[in-house]
Amino acid sequence: MLHRSNLHEYQVKSVEHIKTHPQSMLWLDIGLGKTVSTLTALGDLIAEGKIYGVLVLGPLRVCQTVWEEESRKWSHLQHLDFSLIHGGSDHRKRAIRRRRMFYLLNYEGLPWAKSEFIAAYMAKGRPLPFNAVVMDESTLVKSARIKQGGKRAQALQDLLAWIPYRISLTGTPAPNGLLDLFGQFLTLDGGDRLGTSYTHYRDCYFKSDYNGYKYEPTEQGKQIIYKRISDITLQMSAKDYLSLPPVTINNIELSLSPKLQKKYEVLEKEMFLELDSGVTINPTNQAGKTNKCLQYANGACYIEPGNPKWEHVHDVKLDAVADILEELSGNPLLVGYQFKSDAQRLLQLAEKMKIEAVHVHSRIPAREMKDIRTRWNQGQLPLLIGHGKSLGHGLNLQATAHHVAWFGLPWSSEWYDQLNGRLARQGQQKKVIIHQILIRDTLDYATLDAQVNKAATQKDLKAAVNRYRQQKAA
């Protein structure tokens, strides 16, 4: 068991930042121990009588497997107790009424939980059972507005008036640009630093293109934003504090048959026409034709948007995964995918090869996920399949595995870095090898460009596509 004296200097710095800032933002890279630092600070504040309960918001997998497990590793955190608000309605209601120091809730459950907390406590003249909130992966509340915004963010806004202590945690504060900061700081400080009007924030510090669709910060706007948030924001990069394992990128470049390539070119021509019309590319919701091109390169295309049926195109990438698995001879391989059809086909490949495989998705129960992680870290699972969005946060998978394969690269550098970071992190004993499976003369090379140049905004993504287009025409 670890002791408080085992905290690193940078973790102690995070602890002190939280304790001295009732509203604190921590931008910490993967591996810097944001969870133990936050738990330590909150444990101290509870002992001092400043905090009597904490609502922890995060992705479901993080709530299920990270916070309580982390506390059990440290002697000074053994006394902390937790209530996970998840499952059936009756179970969630009991979890809300159970008196604990920490309440763990995934963001999707916020609208329901808000109403239940009000009914169970405030409607009966009792205070909420917490006066602190932790927003883990705070980009999930970037849509927060005073009068508009997503349902989750709005539900959080309704509770914040009674929560004076607020902590936001993320390693990627602005995955799509500085506009993403507005909602995160609004939930943190109520608008003290970046204002309460998203429109005013956008118009003051950003400039738009002639159509008014895209906004980029002005140079002066950047400086003002950074200055205004600097007093409560602590930023630390892993490269400055950790001795990270070496990483080797292995690009596996493959080709389609002439017949398949000819059909692909038709799709790509339609994609360029669509993008030229003004359609933008977004990491979480790409333009339709863009998706189609990437699906084709992966080997299966959906028949129509919203229809789960897909049709097989080729097995070029599947054969590459099979080659990697055979070369590894049972040593574990982590595979990142982009489309559900990819996951289904990878599972079919594993069955054909008589290899045990697990597809990690958001519906896996916490107990089952814990068993999967244990078996994986003991080297008992040869193949783990996951999407960067669902597998990328809160999982330590580096005990025995050091090979990652990307069946199709994502646009999002956040998802890319997070999934790779499950293996390429402190504690890894071997060189990490990232196999990137690419089909020549396809949009795969635009997604590769996006990762090489760490694309973070729609402008970056569009630029990556344009560079690919120019190179292909040359």
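Numbers for residues simply follow the sequence, beginning at 1.
Of all non-hydrogen atoms in F339 and N291, the two that sit nearest each other are CE2-OD1, 3.4 Å. Considering all non-hydrogen atoms of both residues, L188 and S168 come closest at CD1-OG, 3.5 Å. Residues M271 and L443 approach most closely at SD-CD2, 3.6 Å, considering heavy atoms. Closest approach of A450 to W411, counting heavy atoms only: CB-CE3, 4.0 Å. L104 and C63 make their closest contact through CD1-O, 3.5 Å (heavy atoms, listed as atom of the first residue, atom of the second, distance). Nearest heavy atom pair, residue F407 against residue L318, reads CE1-N, 3.8 Å.
Between atom CG of residue L448 and atom CZ of residue R467 there is a gap of 11.0 Å, rounded to the nearest 0.5 Å. In this structure, the separation between CD1 on I355 and CG on L381 is 11.5 Å, given to the nearest 0.5 Å. D189 CG to D231 CG: the interatomic distance, rounded to the nearest 0.5 Å, is 8.5 Å. To the nearest 0.5 Å, atom OH of residue Y10 and atom OG of residue S237 are 12.5 Å apart. Of the inter-residue distances, the one linking I232 atom CD1 with R166 atom CZ reads 10.0 Å to the nearest 0.5 angstrom. Here the straight-line distance linking atom CD of Q428 with atom CG of L397 works out to 10.5 Å at 0.5 Å rounding.
Counting heavy atoms from C-beta on, the side chains of L328 and P382 never come closer than 4.5 Å. Between L349 and V321 there is a side-chain heavy-atom pair separated by less than 4.5 Å. Proximity of I252 to L254: side-chain heavy atoms (C-beta onward) are separated by under 4.5 Å at one or more points. Looking at D136 and L57, their side chains never come closer than 4.5 Å, going by heavy atoms from C-beta outward. Inter-residue side-chain proximity for Q184 and T170 is flagged as met; some heavy-atom pair is nearer than 4.5 Å. Looking only at side-chain heavy atoms (C-beta outward), L84 and W67 stay at 4.5 Å or farther from each other. Within the 4.5 Å cutoff, no side-chain heavy atoms of L194 are placed close to those of L186. The closest side-chain heavy-atom distance from M25 to F185 is below 4.5 Å.
Checking I249, V247, N420 one by one against V404, the side chain to side chain contact (heavy atoms under 4.5 Å, CB included) holds for a single residue, N420.
Under the 3.5 Å distance criterion, the side-chain polar atoms of H21 are left unmatched by any main-chain donor or acceptor of E16. No side-chain donor-acceptor contact under 3.5 Å links E311 to the backbone of C301.
Residues K472 and Y468 bring a donor and an acceptor atom of their side chains to less than 3.5 Å of each other. Between the side chains of Y337 and H359, at least one donor-acceptor pair of N or O atoms lies under 3.5 Å. With no hydrogens or angles considered, no side-chain donor-acceptor pair links T139 and E137 at under 3.5 Å. In summary, the side chains of Q11 and S37 do not present any donor paired with an acceptor at a separation below 3.5 Å, with no hydrogens or angles considered. Side-chain contact of W310 with Q344: a donor-acceptor pair under 3.5 Å is present, judged by distance alone. Counting only N and O atoms by type, the side chains of Q418 and E414 include no donor and acceptor under 3.5 Å apart.
One finds no salt bridge joining K207 and E216 here, because no Lys/Arg side-chain nitrogen approaches an Asp/Glu carboxylate oxygen to under 4.0 Å. A salt bridge links R375 with E356: the closest approach of a Lys/Arg side-chain nitrogen to an acidic carboxylate oxygen falls below 4.0 angstrom.
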Identify each donor-acceptor pair in which a side-chain atom of residues 432-442 lies under 3.5 Å from a protein atom, sequence neighbours left out, and give them as a table.
| unit_1 | atom_1 | unit_2 | atom_2 | d |
| --- | --- | --- | --- | --- |
| H435 | ND1 | N250 | ND2 | 2.9 |
| H435 | NE2 | H403 | ND1 | 2.9 |
| Q436 | OE1 | Y416 | OH | 2.4 |
| Q436 | NE2 | N251 | OD1 | 2.7 |
| R440 | NH1 | E253 | O | 3.4 |
| R440 | NH1 | S255 | OG | 2.8 |
| R440 | NH2 | E253 | O | 3.2 |
| T442 | OG1 | I439 | O | 2.7 |
| T442 | OG1 | D444 | N | 3.3 |

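Ring geometry for Y201 against Y205 counts as perpendicular: the plane angle is over 60°, on a 0 to 90° scale with 30° as the lower cut. Taking the six-membered ring for Trp and thresholds of 30 and 60 degrees, Y198 and F182 have ring planes more than 60 degrees apart, a perpendicular arrangement.
A distance of 6.0 Å or more separates the ring centres of H8 and Y241.
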Problem set entry | Residues R152, E108; criterion side chain to side chain contact (heavy atoms under 4.5 Å, CB included); working and verdict | CA-CA 6 Å; R152 298 177 301 187; E108 287 76 9; 3.3 Å; yes

